Amino acid sequence: MSDRDDSDGDNEYCDWEDGGGDNGDEDDVFQDVHVMIFVGFGFLMTFLKKYGFSGVGFNLFLAALGLQWGTVVQGLLHDNGKAFTIGIKSMINADFSTATVLISFGALLGKTSPIQMLVMTILEIAVFAANEYLVTEIFQASDTGASMTIHAFGAYFGLAVSGILYRPGLQHEHKNEESVYHSDLFAMIGTLFLWIFWPSFNSAIAETEEKQYRAILNTYLSLATCVIIAYAFSSLVERRGRLDMVHIQNATLAGGVAVGSCADMNIHPFAAMTIGSISGIISVLGYKFLHPLLANKLKIKDTCGVHNLHGLPGVFGGLASILMIYLEKSDVSTMAMQAAALGSSIGSAVGGGLVTGLILKLPIWNQPHDEDCYNDSVYWKVNLWIYCWVHCCISSLPAAGYLDAYTA
């Protein structure tokens, strides 16, 4: 967060930080992160065939709410409840806090009402800010790219909420819980935006120019290697060697998640590539084997598979950072603080998620019925004839037939 500025006393709670005309690089990084939050995450949520409006629309709503609330909560925490400045750094941190909500939103996509998501945003950012303060100020752990405090936290918070909100009627695949050709294409747009701008995300709050350069380079290498491995393993685990679009949309990003905690460390390029490779393998195997296990055995319905993109790679990234600190021959206390940061992020996420889930389970939030899940028409005005005309242009089904199929 930005340092407190006491030069002006015209606002009791916050002040604007003077950019000084020399913050062009920070402006560029902020724009990159902002695009990831609103465009990258937004379009990645559009893969469901009848939930595109809600995926990108609710992403915008939650992000706009979250960045305002995150600015206030983080500002008050880091400045001990006194006046705090608002500048590029605090805006980036606000976007970071919003990212945790959007990750959790992915686990609950299609199964909750807008008011439930609003309540979750308020509660989750408060818990996130407390854990982030603990990790950065008390433990003083290294987590520049936020593998632990954002990705692992957001994933396990969302999974905990999803477990509490579990409904037997959604145990088996819902008729609307699937993609079509064009919805996967839209989701791939989100993947490309996230992949391109991820080096900026991991380097945005690096302390020095040298560390920022390292974070960009390590993330660049990790992402590139992850893509190759994700393609290879997707072909390996699928029948006849075909690629699964779910793997390509998600597992190709796991390298950016996993390298985050040690992105600004002085590690060998081969180490960054190894982290990217292993994270790609973990993510693909998670989608193929662990994802159905969570739904069928543990009763945790993870719509977007955030456990495989953010949860497992985030935990792996935390463990990798501990190993890198060990290889740098740092003292034991530094490793212990890094391990404590990982434990704190997972523990606070699960605990906060369980409490939030219990609150959201109260029958006052207008949660959609089982048959109405994953359907835009519950909360959006949808012109079905225009919708079906667009779809018939890319399929062999007549518009009237598509309308019948949509309303079935």
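The model shown is predicted, which means the values in this text are computed figures rather than measured ones.
Judged purely by atom type and a 3.5 angstrom limit, His174 uses its side chain to pair as donor or acceptor with the backbone of Asn176. The closest donor-acceptor contact from the side chain of Thr46 to the backbone of Gly42 lies at 3.5 Å or more, if one exists at all. Using modelled atom types, no side-chain atom of Asn131 and backbone atom of Val127 make a donor-acceptor pair closer than 3.5 Å. With hydrogens and angles ignored, the 3.5 Å screen pairs no side-chain donor or acceptor of Arg214 with any backbone N or O of Glu209. Between the side chain of Ser147 and the backbone N or O of Val257 there is at least one donor-acceptor pair closer than 3.5 Å. When atom types are taken as modelled, the side chain of Trp365 and the backbone of Ile115 share no donor-acceptor pair closer than 3.5 angstrom. No donor-acceptor distance shorter than 3.5 angstrom exists from the side chain of Asn366 to the backbone of Thr112, with no hydrogens or angles considered. Side chain of Asp264 to backbone of Gln212: no donor-acceptor contact under 3.5 angstrom is found. Side-chain N or O atoms of Asn93 include none that pairs as donor or acceptor with a backbone N or O of Ser97 at under 3.5 Å. Checked by atom type and distance alone, the side chain of Thr219 pairs as donor or acceptor with a backbone atom of Ala215 at under 3.5 Å.
In this structure, the side chains of Trp198 and Tyr220 stay at 4.5 Å or more apart for every pair of heavy atoms. Between Ile122 and Trp69, some side-chain heavy-atom pair lies under the 4.5 Å cut-off. Two residues are said to be in side-chain contact when any heavy atoms from C-beta on lie closer than 4.5 Å; Met45 and Cys304 meet this criterion. Within the 4.5 Å cutoff, side-chain heavy atoms of Val101 are placed close to those of Ile125. Side chains of Lys211 and Thr144 form no contact here, defined as non-hydrogen atoms less than 4.5 Å apart. Under the 4.5 Å side-chain criterion, counting only non-hydrogen atoms from C-beta, Ile88 is in contact with Asp27. Looking at Ser321 and Met265, their side chains come closer than 4.5 Å, going by heavy atoms from C-beta outward. Side-chain contact between Thr191 and Ile248 is absent, with no heavy-atom pair separated by less than 4.5 Å.
Relative ring orientation between Tyr133 and His78 is described as perpendicular, the plane-to-plane angle rising above 60° on a 0-90° scale split at 30° and 60°. Ring geometry, Trp380 versus Phe58: the interplanar angle falls from 30° to 60°, so the pair is classed tilted. By the 30° and 60° cut-offs, the orientation of the rings of Phe186 relative to Phe43 is parallel.
A donor atom on one side chain and an acceptor atom on the other are not found under 3.5 Å apart for Ser234 and Lys288. Side-chain N/O atoms of Ser142 and Gln338 include no donor and acceptor closer than 3.5 Å. A donor-acceptor contact closer than 3.5 angstrom is absent between the side chains of Tyr231 and His247. Looking only at atom types and distance, the side chain of Asn308 has no donor-acceptor partner in the side chain of Ser283 under 3.5 Å away.
Counting all heavy atoms, side chain and backbone alike, Gly106 lies closest to Asp302 at O-OD1, 4.4 Å. Nearest heavy-atom pair across Arg167 and Lys111 is NH2-O, 3.2 Å. Nearest approach of Phe47 to Ala187, heavy atoms of both residues: CB-CB, 3.8 Å. Contact between Ser179 and Asp184 at its shortest, heavy atoms only, is OG-OD2, 2.9 Å.
Other residues, nucleotides and ligands contribute only 12 or fewer heavy atoms inside 6.0 Å of the CZ atom of Phe193. Within 6.0 Å of atom CZ in Phe316, more than 12 heavy atoms from other residues, nucleotides or ligands are found, so the atom counts as buried in its surroundings. The number of heavy atoms from other shown groups lying within 6.0 Å of CZ (Phe233) does not exceed 12.
For the pair Glu177 and Lys49, the salt-bridge criterion is not met [side-chain N within less than 4.0 Å of a carboxylate O].
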Subject >> Stepwise side chain to side chain contact (heavy atoms under 4.5 Å, CB included) check, Asn375 with Tyr51 >> reply: CA-CA 5 Å; Asn375 195 331; Tyr51 211 68; 5.5 Å; no

Original post:
Where do Gln367 and Ser113 land on the side chain to side chain donor-acceptor pair (under 3.5 Å) test, with the steps shown first?
Top reply: CA-CA 5 Å; Gln367 189 172 8; Ser113 67; over 6 Å; no

**OP:** Take Tyr156 and His310 through the side chain to side chain donor-acceptor pair (under 3.5 Å) test and state the conclusion after the steps.
**Re:** CA-CA 9 Å; Tyr156 289 108; His310 300 280; over 6 Å; no

**OP:** Mind running side chain to side chain contact (heavy atoms under 4.5 Å, CB included) on Leu123 and Ile359 for me, showing each step along the way?
**Re:** CA-CA 10 Å; Leu123 297 176; Ile359 295 173; 3.8 Å; yes

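Put simply, CD on Gln249 and CE on Met188 are 7.0 Å apart, with the number rounded to the nearest 0.5 Å. With rounding to the nearest 0.5 angstrom, the CG atom of Leu309 is 5.5 Å from the CG atom of Asn250. The SG atom of Cys226 sits 9.5 Å away from atom CD1 of Ile281, with the distance rounded to the nearest 0.5 Å. Remark: Leu67 CG to Asp95 CG distance equals 6.0 Å, nearest 0.5 Å.
Phe201 and Phe96 have their aromatic ring centers within a separation under 6.0 angstrom.
Here the rule is side-chain contact (heavy atoms from CB on, under 4.5 Å) with Phe38, and of Leu102, Val33, Leu60, Val56 only Leu60 fits it.
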